[in-house]
Amino acid sequence: MKITKREIEIIKLIHLTRNEIAKKLYISRATVNTHVSNLCEKFKSKTKIEILIKALRSNIITIQDVDIGFWDEKDVYVDKIVKVEFSKE
């Protein structure tokens, strides 16, 4: 499967809305839609999260490539996708 550099950029941001991806990459929402549709076909996926999981499992990207969470002021990691929290300790 051939994944373009732009598609990899899209995958790394796929947890965001299509409008947010468009703003971050300075492209139109229609272009984002085209890339996501192409990725759905390539990964035989129906959702953006399936694309992300399959890209991770295929080693196309690593979890470090994807900004899906943050450490809050109490040193608790908050994952924005699956809504889990855990502390550094």
### His35 side, atom NE2; Ile3 side, atom CD1 - distance, nearest 0.5 Å
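With rounding to 0.5 Å, NE2 (His35) is 11.5 Å from CD1 (Ile3).
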### Task
Supply the atom-to-atom distance Lys12 NZ to Asp65 CG, rounded to the nearest 0.5 angstrom.
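Answer for the NZ-CG pair, Lys12 versus Asp65, is 4.5 Å.
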So, for [X] and [Y], which heavy atoms are closest and what is the spacing to 0.1 Å?
| X | Y | result |
| --- | --- | --- |
| Glu7 | Asn38 | OE2-CB, 3.7 Å |
| Phe43 | Lys54 | O-NZ, 3.0 Å |
| Ile27 | Thr31 | CD1-CG2, 4.0 Å |
| Ile21 | Ile14 | CD1-CA, 4.0 Å |

Would a 4.5 Å heavy-atom cut-off, applied to side chains only, mark [X] and [Y] as touching?
| X | Y | answer |
| --- | --- | --- |
| Glu20 | Leu13 | no |
| Val32 | Leu25 | no |
| Arg29 | Asn33 | yes |
| Leu52 | Thr47 | no |

### Query
Looking at residues at least two apart in the chain, or sitting in another chain, which of them share a side-chain contact (heavy atoms from CB on, under 4.5 Å) with Ile53?
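Ile49, Arg57.
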### Any residue meeting salt bridge (Lys or Arg N to Asp or Glu O under 4.0 Å) with Arg6, in chain and number order, not counting sequence neighbours
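Arg6 satisfies salt bridge (Lys or Arg N to Asp or Glu O under 4.0 Å) with Glu9 only.
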#### Entry: Check: Ile51 main-chain N/O paired with Lys42 side-chain donor or acceptor under 3.5 Å
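It does not hold such a pair.
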### Message
Between Leu56 and Ile11, is the side-chain contact (heavy atoms from CB on, under 4.5 Å) condition met? List the steps.
### Response
CA-CA 10 Å; Leu56 289 166; Ile11 294 168; over 6 Å; no
### Task
Say whether Tyr26 and Ile10 are linked into one hydrophobic cluster, either directly or through other cluster members, by side-chain heavy-atom distances under 4.5 angstrom.
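Tyr26 and Ile10: separate clusters.
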